[in-house]
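Just so you know, ligand 1 is whichever comes first in the structure, and atom 1 is the first atom listed for that ligand.
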Amino acid sequence: MYRYNDTEIVVVQGDITKVKVDAIVNAANNTLLGGGGVDGAIHRAGGRIILEQCKKIGGCPTGEARITVGGNLPCKYVIHTVGPIYKDGKSGEEELLYNAYYNSLKLAKEYNLESVAFPSISTGAYGYPLEKAMKTAIKAVIDFIEEENFPRIINFILFSERDFSIYNDYLKSLLKDK
Ligand code: ADP
């Protein structure tokens, strides 16, 4: 576990649909109508109510975020954000990915959601190199904490052991182990 100001940052290897926090973040696509990877897993485990609310929302631009209930998931809410598809690294990907994390946290603050879990946005089907994406994710999160002193707990949930190690090694070098 790591700490930045008053926020605990926890890196976990596992399945985000099993995590009991106020909000998990979904790496959705612009339609918000479900897809593969973590998006598919969240909709499958959360049930129809999430899809129904997503339909009413009517989509989400890349870098922005929207919120639904958690349905059958152990979390209270799902924050749906859309990361960029990685092209060449020079097409605004970094700013869009930063915005996806930052705007998810903004929404969490609006709803006073004190514990938030992120997957590794854009690094699956959207092809963003993990290490680059991770550095942007952590920068956005730390900037947000610095500005808002919120939320109390941030979890990074990594599906693979490799991704988990990369996150841990980087955070260890950046922040103190608690
Ligand atoms: P994107 O389209 O944004 O790239 P993906 O869902 O394809 O999103 O992949 C993002 C990351 O989420 C990948 O590292 C993938 O291994 C991981 N992932 C897939 N399923 C889950 C899950 N149930 N919990 C946490 N992470 C997951």
Kindly compute the distance separating OG1 (Thr7) from CD1 (Ile154), expressed to the nearest 0.5 Å. 6.0 Å

shortest atom 6 (O) of ligand 1-to-protein heavy-atom contact is with Val38 N, 2.8 Å

Using a plain distance cutoff, I'd like to know if Thr17 has any nitrogen or oxygen under 3.5 Å from a nitrogen or oxygen of ligand 1. no

Before signing off on this row, confirm whether Asp39 and ligand 1 have an N or O atom pair separated by under 3.5 Å. no

N/O of Ala41 under 3.5 Å from N/O of ligand 1, yes or no? no

Is Gly14 in contact with ligand 1, taking contact as a heavy-atom separation below 4.0 Å? yes

Please name the residue in the list Val10, Val12, Val141 that meets the side-chain contact (heavy atoms from CB on, under 4.5 Å) test with Phe156. Val141

Below the 3.5 angstrom mark, is there an N/O of Ala125, backbone or side chain, next to an N/O of ligand 1? yes

Does at least one non-hydrogen atom of Ser120 fall below 4.0 angstrom from an atom of ligand 1? yes

Should we count CD of Glu147 as having more than 12 external heavy atoms under 6.0 Å? yes

Under 4.0 Å from one or more heavy atoms of Asp15, ligand 1 contributes atoms 22 (C), 23 (N), 24 (N)

of all protein heavy atoms, closest to atom 17 (C) of ligand 1 is Phe159 CB, 3.9 Å

Counting only heavy atoms not in Phe144, do more than 12 sit closer than 6.0 Å to its CZ atom? yes

Are Lys55 and Leu33 close enough, and set up right, to give a side chain to side chain contact (heavy atoms under 4.5 Å, CB included), and what steps lead you there? CA-CA 7 Å; Lys55 276 184 185 159; Leu33 298 180; 3.7 Å; yes

Excluding sequence neighbours, so at least two apart, what forms ring-ring contact (aromatic ring centres under 6.0 Å, His included) with Phe159? none

Geometry only, no angles: is Ala27 polar-contacting ligand 1 at N/O separations under 3.5 Å? no

Who are the salt bridge (Lys or Arg N to Asp or Glu O under 4.0 Å) partners of Lys139, not counting sequence neighbours? Asp143

Would you check whether Gly124 has a nitrogen or oxygen atom less than 3.5 angstrom from a nitrogen or oxygen atom of ligand 1? yes

For atom CD of Gln53, is the number of surrounding heavy atoms from other residues, nucleotides or ligands below 6.0 Å larger than 12? yes

